[in-house]
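Accompanying notes for the structure given below.
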Amino acid sequence: KWMWLKRFALASVAGLALVAVGLWLDVPEVAAAGLLPLVPLLFWLAYIPVLHWKERYVGTRSGVWGAFLVFETSSWSKLVYWLRHVLPDWRGTERYRDVP
């Protein structure tokens, strides 16, 4: 999942450069085409918390976060989950220090 996140981030940087060029040259079609590479990155940023929850919490408490992450639409819960679970797991800190 991290490999894909890096790939989508690189594609998004190229897309943002295309948006900047399109706005600078006043060509809205080029700027709009530059927004397309952002879509997979935004989707993946919202999908990683669900993947992480599914991988780490297959116990009796697993239903709460999963249901909340899937049904909550404003994505605030995904942001909180990123900060409280995904990033510490990625770094191997806090509660994920001893998790393989």
Side-chain angles (χ1 to χ4, degrees):
K1 54 188 167 186
W2 303 116
M3 177 187 63
W4 282 103
L5 183 64
K6 289 178 186 177
R7 288 178 181 174
F8 291 147
L10 289 174
S12 294
V13 168
L16 288 174
L18 197 59
V19 168
V21 168
L23 291 176
W24 184 59
L25 296 175
D26 197 25
V27 182
E29 293 83 10
V30 173
L35 293 175
L36 289 176
L38 294 173
V39 174
L41 177 66
L42 295 176
F43 173 77
W44 202 250
L45 286 173
Y47 189 55
I48 282 181
V50 176
L51 290 176
H52 183 271
W53 161 79
K54 185 178 174 195
E55 180 182 325
R56 292 288 186 202
Y57 300 106
V58 184
T60 57
R61 299 178 359 197
S62 64
V64 177
W65 262 113
F68 193 63
L69 289 172
V70 170
F71 292 117
E72 192 264 336
T73 58
S74 72
S75 294
W76 280 106
S77 67
K78 290 175 185 66
L79 177 63
V80 171
Y81 193 89
W82 260 96
L83 296 174
R84 298 273 303 143
H85 295 282
V86 176
L87 292 178
D89 188 17
W90 188 19
R91 294 181 190 135
T93 59
E94 297 178 18
R95 69 183 82 178
Y96 296 101
R97 188 171 291 122
D98 300 324
V99 178

Original post:
Honestly curious: do Y81 and W44 fall in one hydrophobic cluster under the side-chain, below-4.5 Å linking rule?
Top reply: yes
**OP:** Kindly work out whether a path of hydrophobic side-chain contacts (I/L/V/M/F/W/Y, heavy atoms less than 4.5 Å apart) joins L41 to F43.
**Re:** yes
**OP:** Say whether, by atom type as modelled, one donor and one acceptor occur between the side chain of W82 and the main chain of L45 under 3.5 angstrom.
**Re:** yes
Subject >> Nearest-0.5 Å distance that lies between atom CG in L83 and atom CG in L79 >> reply: 5.0 Å
Original post:
For atom CH2 of W90, is the number of surrounding heavy atoms from other residues, nucleotides or ligands below 6.0 Å larger than 12?
Top reply: no
Name every donor-acceptor pair, under 3.5 Å, that has one atom in a side chain of residues 7-34 and the other anywhere in the protein, sequence neighbours excluded.
residue	atom	partner	partner atom	Å
S12	OG	F8	O	2.9
S12	OG	P37	O	3.2

